[in-house]
2 protein chains.
Amino acid sequence: MPLLPASQARAALTHTLTLYPILNDRNRNRKLKITNVVKGQILQRSGELNTKVFTVQSGLLRSYTIDHKGKEHIYMFAPENWIITDNCEGDIPCDLFIDALEDSTCRVTEKDFEKLTSDRKLLIKRINVLQKRVIMLMSSSAIERYEHFIEIYPEITQRVPQRMIASYLGITPEALSRIRKEISNEKV
Amino acid sequence: MPLLPASQARAALTHTLTLYPILNDRNRNRKLKITNVVKGQILQRSGELNTKVFTVQSGLLRSYTIDHKGKEHIYMFAPENWIITDNCEGDIPCDLFIDALEDSTCRVTEKDFEKLTSDRKLLIKRINVLQKRVIMLMSSSAIERYEHFIEIYPEITQRVPQRMIASYLGITPEALSRIRKEISNEKV
DNA sequence: GCGGTGCATTGATGTAGATCAAGAAGTGAT
DNA sequence: ATCACTTCTTGATCTACATCAATGCACCGC
């Protein structure tokens with residue numbers, strides 16, 4: 001297999017992403033602009049000059065790309081207490097779409113690159129997220145990747161349709177269906 | 001295919017690695033302990049309580065794991081001007097072997113976790129290395145991963161045997177051989 | 001010279017997961 | 001209740017790469 005359908009890989013090839021959990025909730029009660037987002041609402045479009053950082057307070061966002069066939073490919077999930085923003089800087093338009101998988105509330109702030117690259121704890125969090133992703137990508141078989149995923153994100157498994165998990169794992173929904181069948185057979 | 005032979009993936013599943021280029025050469029002429037390493041010499045063994053950081057000044061190191069069949073699987077190359085160390089901390093033994101692919105000289109220093117996690121530029125470098133690795137891992141097909149590899153590491157392509165590049169790419173030497181044949185046919 | 005020893009190539013065959021296609025089962029709108 | 005729409009499942013076939021096995025080829029010590 002290709003790890004990802006070729007189309008997704010091509011779409012993923014240029015972008016990077018900042019994604020990390022909130023380090024503390026010192027800001028949570030400060031009176032900042034809170035946005036309510038309804039399920040399906042798009043917060044950022046690929047190709048836009050994005051300057052926003054989204055801090056999820058409740059609900060679930062996702063980032064994804066769309067290939068030349070119009071197919072979506074999920075890059076990351078961002079549940080409550082996570083921060084998500086495209087890594088694009090200056091004049092470079094972002095590569096990713098961001099939308100809501102559930103009705104959500106999030107804090108929207110202007111992107112501040114100084115802050116994004118100066119906070120040591122935040123940088124360490126970003127490293128940890130990336131390392132997890134590398135380790136998951138290195139998990140060889142689809143079944144291993146899936147088992148690894150439900151270990152790390154047990155809640156998300158319940159909250160999104162299977163085809164999105166398949167997309168995140170880089171496999172087709174059909175393949176995930178067969179994997180789940182196999183796992184449930186093993187348990188009997 | 002599995003992205004990596006299953007055995008390698010299992011070996012890779014727990015470890016992480018700090019690897020980044022030297023940010024400046026301010027230290028290069030300071031009288032620090034310089035170690036000459038001959039080709040094949042092992043600097044670190046999996047399972048040891050490693051406390052060393054290796055700064056490559058000339059030559060080429062690699063980090064790798066060994067699976068239960070005794071097969072080596074290359075995790076990263078570290079040519080001159082790169083720093084390499086296992087991410088293990090405290091009482092946790094490291095997961096990786098490190099050895100020299102060429103006669104090398106390197107500076108060996110005690111691992112200083114405070115330093116490894118406090119230098120902002122260094123953290124950003126680590127993020128960049130990880131992002132490159134993620135993007136490479138996401139490149140779907142073996143041929144795409146190989147083309148991406150020779151773009152990023154043109155020198156290393158010339159300096160190490162093919163089977164090691166195959167190992168880094170997560171494919172077999174046979175597959176790499178066929179890929180190279182195909183590419184040379186395309187060019188004719 | 002000559003026989004190792006390790007690496008690259010080539011062929012044959014096996015397998016995980018993609019792709020295509022056809023149901024089945026759930027959900028919402030009229 | 002019925003129709004449309006989506007998700008999940010299941011089967012058939014295809015493809016990229018693994019695995020196994022044989023051969024070629026360089027470099028080495030003798």
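Within every chain, numbering begins at 1; the chains are lettered A, B, ... in the order of the sequence lines, protein sequences first and strands thereafter. Because the structure is a prediction, the values reported are computed rather than measured.
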Which atom pairs link the protein and nucleotides 8-11 of chain D when you take only N or O atoms and keep those under 3.5 Å?
unit_1: D/dC8; atom_1: OP1; unit_2: A/Gln162; atom_2: N; d: 2.9
unit_1: D/dC8; atom_1: OP2; unit_2: A/Gln162; atom_2: N; d: 3.4
unit_1: D/dC8; atom_1: OP2; unit_2: A/Arg163; atom_2: N; d: 3.2
unit_1: D/dT9; atom_1: OP2; unit_2: A/Gln162; atom_2: NE2; d: 2.9
unit_1: D/dT9; atom_1: OP2; unit_2: A/Ser177; atom_2: OG; d: 3.0
unit_1: D/dT9; atom_1: O5'; unit_2: A/Ser177; atom_2: OG; d: 3.2
unit_1: D/dG11; atom_1: N7; unit_2: A/Arg178; atom_2: NH1; d: 3.0
unit_1: D/dG11; atom_1: O6; unit_2: A/Arg178; atom_2: NH2; d: 3.3

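- Legend: residues meeting side-chain hydrogen bond (donor to acceptor under 3.5 Å, both in side chains) with A/Thr105, ordered by chain and number and at least two apart, are A/Ser58.
- Between its opening and closing five pairs, the helix from C/dG1-D/dC30 to C/dT30-D/dA1 changes axis direction by 30°, a value rounded to 10 degrees.
- When the P atom of D/dC17 is taken as reference, atom CD of B/Glu182 falls 9 Å away, rounded to whole Å.
- In this structure, A/Ser167 contributes its side chain and A/Ile74 its backbone to a donor-acceptor pair below 3.5 Å.
- The salt bridge (charged side-chain N to carboxylate O under 4.0 Å, His left out) check on A/Arg159 picks up A/Glu80, A/Glu102, with sequence neighbours excluded.
- The side-chain hydrogen bond (donor to acceptor under 3.5 Å, both in side chains) search around B/Glu155 returns none, not counting sequence neighbours.
- Between B/Phe149 and B/Tyr168, the distance from one ring center to the other falls under 6.0 angstrom.
- Of the side-chain N and O atoms in A/Thr172, none sit less than 4.0 angstrom from OP1 or OP2 of C/dG17.
- Sorted by first and then second residue, the salt bridge (charged side-chain N to carboxylate O under 4.0 Å, His left out) pairs with a member in residues 160-174 of chain A form an empty list; sequence neighbours excluded.
- One N or O on the side chain of B/Ser104 and one on the backbone of B/Leu60 form a donor-acceptor pair closer than 3.5 Å.
- Shown here are the ring pair (Phe, Tyr, Trp, His ring centres under 6.0 Å) partners of B/Tyr146, two or more places apart in sequence or in another chain: there are none.
- If you take CG of B/Leu101 and C1' of C/dC7, they are 15 Å apart, rounded to a whole angstrom.
- Atom pair B/Tyr146:OH and C/dA8:C1' shows a separation of 13 Å (rounding to whole Å applied).
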Would you tabulate the pairs of protein nitrogen or oxygen atoms and nucleotide nitrogen or oxygen atoms of nucleotides 22-29 of chain C closer than 3.5 angstrom?
none

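- Panel note: side chain B/Thr85, backbone B/Lys52; a donor-acceptor pair is recorded below 3.5 Å.
- With sequence neighbours left out, the side-chain hydrogen bond (donor to acceptor under 3.5 Å, both in side chains) criterion links A/Gln162 to A/Arg180.
- Annotation: salt bridge (charged side-chain N to carboxylate O under 4.0 Å, His left out) contacts involving residues 53-63 of chain A, sequence neighbours excluded, comprise A/Arg62-A/Glu72, A/Arg62-A/Asp99.
- C/dA16 atom C1' lies 15 Å from atom CG of A/Leu169, rounded to whole Å.
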